[in-house]
Chemist: 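Dropping a structure here in C-alpha cells format, bear with me for questions.
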Amino acid sequence: MCGIVGYIGQQQAAPILLDGLSKLEYRGYDSAGICVASDGALKVAKAKGRLANLSSLIDGGKAVEGTVGIGHTRWATHGAPSDTNSHPHVAAEGRIAVVHNGIIENYLKLREMLSRRGKTFRSETDTEVIANLVEYYYDKSKDMLDAVRKAVARMEGSYAVAILCVDQPDIMIAVKKDSPLIFGFGEGENFVASDVPAILRYTRKVCYLNDGDMVVFTKDHADFYDSLGDKVVRQAETVDWDLSAAEKGGYDHFMIKEIHEQPKAIRGTISPRIKDGEVVLDDIHLTKDYLSQLRRVYVVACGSAYYVGCLAKYILEKTCRLPVEPVLASEFRYSEPVLGEDTLVIIISQSGETADTLAALKEAKRCGARTLAIVNVVGSAIAKAADDLIYTWAGPEIAVATTKAFSTQLSVIYLLALYISRLLGTLPRQEYNAILHELEHLDQKVALCITDDNLSKLRYYAEQYYKVHDAFFIGRNVDSAVCLEGSLKLKEIAYIHSEAYAAGELKHGPISLIEEGTLVVAVATVAELFDKTMSNVKEVKARGADVFGVTTERFADEIKKTVSSVVTVPETHPLLQPSLSIIPLQLLAYYIALMRNCDIDKPRNLAKSVTVE
Ligand code: F6R
C-alpha cells in the first residue's frame, strides 16, 4: 500500500522516480505524484489513476529538471483518489514537501492546532498535516532536523515519510515507524524506497530501517538516528537477487510467472532445510522442554496466509498432537486470546508488513507468548519483531494475488510439523520418513501440475465458466481449506462472487443458493472422505449445479462417473496434498480473469502490502 521513492544524486531525478514507482506498482495505488527541488522551487506533478498518466504529463520525467526528488503512489485512505489528495503534499508556505505511507491517527487534532496558527489545507489527507507540521517548526528554527524531530514527536500512528525543504535542496530526511522503508547506498547518489525493486537498478546495498529511525542524507553522505535521537551506524546489506526476479520475463502477467515459479520456490524453501534424513531448522530455537509444556498454538495471519493457518491446523494437530487454532489477525487482539508462556503464536506474512498481523504479533509478545514468524520479505517489520523466524525464501512476489508465497508458507508448515513432531516424538519414524520422502519430491509433483497439457485443460474449462456470476468451492478436511484459498483467488482477480464451504456444511443453509448453472468446484483428494464428498457433489448436481472436480489420479475414474469436468493432480502424502490441489484452482482463477479482461496483477481496490488496519 502506497509506494515511496526518494532520490538525491547527479542524474535527473524525475525519470528515476518514475522508474522506481513503476517497480512499486504491485503494492496497489490509485494516484501518483512526484516533487523535485530545483531552482529554489518545489516542482510538483500529480495524476489520478495509473502511473502512465503521470508519466505522460511530464514526458517520462524529462519535463521536470532537478537532481533531488521524492515520488509516491497513493492507495487512498483519507480522502478519495484525486489529483488534490495525491502526494507529494507541499505545506502552506511552500517550503516543505512530503510523501507518506501509513496513517497519522491524530491528524485531525494536529490539523485543528495548525489551522488555529494560520496554516491552510488543500486536501483531506493526513499527510498534508505532516508537511504543515514540519513547516510550522521549521519557520521557528530554520533547522530541518530540529523541525522534523519536533513534528515526529507529535505524530501518532504509522509512517514512512520522505521530506524535502526548498531552502536546503541538497538534503533529504526520511523517518519510519510501522511502515516499511529502506535506504539505498549509491555512489554519488542515495535513495530511500518502500521496497528493494524500486532502487535495485541503481544499487544493491540497502539498509532496512528500524522503527523510530531517521536518516538525514545528501548525495554523498547519510546520518542515521535511532528512536532516541542518538546517532547510530546502519550497515548496508547486499541484495542477492536480480531485478529480473521482479520482472515478467516473457510471461503476460506476474501471477502466471509466479505460478510457474512454484516448484523452484518450494525447492528453495525445503531442500536447504533437510539434511541427512532430518529437518534442520537452524534459524529457530524451540526446545523439547519448551514444546512439551505448550498448551496451545495459535496461527495468526490475514487472507491467504490465514488459509495456510487453516491448513496448519490439520497438519500440526495430526503430526504434533498439539491444539492449533487459526485466527484472523484483525480479530486476534480484540478476542482476548488466552496467551502466556505456554502458548506459541505462529505469525504468517508474505510482506512482513501487514498492519493487523504485526499488531497481533506485538500483542502476543506483550502477553508473554513466544512468537515464530514465517515471512518472505527479508528485514521486514514482522521478521524483525518475532522471537523466532523462518524465511520462506520465495523471492519477490509482485502479483497482488499470492501464489508462490502461499505455497512456500505451506512448505514451512510441513517442515515445522516434522521438526516439532521429532522433538516431541509424536510421529512413528516410518510415518516421519514417509512425509519427509514426499516433501523432498514435492517440487517435482507441483511441476507436474503446471505442464502445458494441464494449462490447456484449465484454459478450456475457464472458457466454459468465465461468464458465471456465482461459484461455490466445496471440500472436506484439508480440501476445505484449499477451497478457501481457491475461492479467494477467483473473487479477487476475476471479480466473481464465490464462497467456500466445508462440503458437509452445504445442507445447513448454502445449498438453497444452488440453482441451474451455478458453478461448484469440488476438491476431493482425501481418500477416507472421498465418498462423502461425492454425496455432496451429487446433491448439488441434482439441483442443477455445473460441477468442476479436482482430485488425485487414483479417484479420476470414480469422479468421472458423476462429474464430466475433472482435473487430476498427482498423489502425495495426504497432508501434503493441498500443495498440489491448489495449483489447478490458481490456474482456473487466472484463466477466467484473463477471459474477463481483468487487471490480473493489480486487481481493483487491492494492495499487495496492507499497512493499514
Ligand atoms: C490474496 C493475498 C492476501 C494476502 C494477505 C496477507 O491473494 O495475497 O490475502 O495473503 O493480504 O498478506 P501478507 O502475507 O503480506 O501478510
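Just follow the structure's listing: the first ligand is 1, and inside any ligand the first atom is 1. Hydrogens, waters and symmetry mates play no part in the numbers below; they use all other heavy atoms, side chains included.
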Chemist: Can you find an N/O atom of T357 closer than 3.5 Å to an N/O atom of ligand 1?
Modeler: no
Chemist: Out of all atoms in ligand 1, which are within 4.0 Å of some heavy atom of K489? Include the element for each.
Modeler: 1 (C), 7 (O)
Chemist: Is there any N or O on T402 that sits under 3.5 Å from an N or O of ligand 1?
Modeler: yes
Chemist: Which residue and atom name correspond to the protein heavy atom nearest atom 11 (O) of ligand 1, and how close is it?
Modeler: V610 CG2, 4.2 Å
Chemist: For atom 16 (O) of ligand 1, which protein heavy atom lies nearest, and how many Å away is it?
Modeler: T354 OG1, 2.4 Å
Chemist: S351 heavy atoms, cut-off 4.0 Å: which ligand 1 atoms fall inside?
Modeler: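 Those qualifying, in numeric order: 13 (P), 15 (O), 16 (O).
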Chemist: Atom 6 (C) of ligand 1: which protein heavy atom is closest, and how many Å away?
Modeler: C302 O, 3.3 Å
Chemist: Heavy-atom contacts with Q350 under 4.0 Å: which atoms of ligand 1 show up? List them by number with element.
Modeler: 13 (P), 14 (O), 15 (O), 16 (O)
Chemist: Under 4.0 Å between a side-chain nitrogen and a carboxylate oxygen: does that hold for D30 and R50?
Modeler: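 A salt bridge is absent here (no side-chain N lies under 4.0 Å from a carboxylate O).
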Chemist: Salt-bridged, K264 to E261, with N to O below 4.0 Å?
Modeler: no
Chemist: Could you check whether R273 makes a cation-pi contact with W393, meaning its NZ or CZ is under 6.0 Å from the centre of the six-membered ring and within 45° of the ring axis?
Modeler: yes
Chemist: When you measure from the centre of the six-membered ring of Y495, is the NZ or CZ of R604 closer than 6.0 Å and no more than 45° off the axis?
Modeler: yes
Chemist: May I ask you to check whether N85 and T125 show a side-chain donor-acceptor distance below 3.5 Å?
Modeler: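 N85 vs T125: no donor-acceptor pair found between side chains.
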Chemist: If we ignore angles and hydrogens, is there a donor and acceptor under 3.5 Å between the side chains of E485 and S304?
Modeler: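 S304 and E485 do have a side-chain donor-acceptor pair below 3.5 Å.
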Chemist: Only heavy atoms of S349, strictly under 4.0 Å: list the atoms of ligand 1 that pass.
Modeler: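 Answer for ligand 1: 13 (P), 14 (O), 15 (O), 16 (O).
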Chemist: How many angstroms lie between atom CG of L587 and atom CD1 of I256, to the nearest 0.5 angstrom?
Modeler: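 Interatomic distance, L587 CG to I256 CD1, rounded to 0.5 Å: 5.5 Å.
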Chemist: Need the ligand 1 atom indices (1-based, order shown) with element for anything under 4.0 Å from a heavy-atom of E492.
Modeler: 1 (C), 7 (O)
Chemist: Using atom types as modelled, flag every donor-acceptor pair under 3.5 Å from a side chain in residues 410-419 to any protein atom, sequence neighbours excluded.
Modeler:
unit_1: S411; atom_1: OG; unit_2: S407; atom_2: O; d: 2.9
unit_1: Y414; atom_1: OH; unit_2: L576; atom_2: O; d: 3.3
unit_1: Y414; atom_1: OH; unit_2: S579; atom_2: OG; d: 2.8

Chemist: Measure from NZ or CZ of K489 to the centre of the six-membered ring of Y590, then state whether that distance is under 6.0 Å and the direction lies within 45° of the axis.
Modeler: no
Chemist: Using a strict 4.0 Å cut-off to heavy atoms of A401, name the atoms of ligand 1 that fall inside it.
Modeler: 7 (O)
Chemist: Verify whether one side chain among E499 and Y501 offers a donor that lies under 3.5 Å from an acceptor in the other.
Modeler: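 A pair is found: one side chain offers a donor N or O, the other an acceptor, under 3.5 Å apart.
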Chemist: For atom 2 (C) of ligand 1, which candidate among S304, A305, G303 holds the nearest heavy atom?
Modeler: S304
Chemist: Tell me which part of E353 gets within contact of ligand 1: side chain, backbone, both or neither, using heavy atoms under 4.0 Å.
Modeler: neither
Chemist: Is the closest heavy-atom distance from V400 to ligand 1 below 4.0 Å?
Modeler: yes
Chemist: Tell me the contacting part of N376 for ligand 1: side chain, backbone, both, or neither, using a 4.0 Å heavy-atom threshold, strictly below.
Modeler: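 For N376, there is no contact with ligand 1 at all, from either part.
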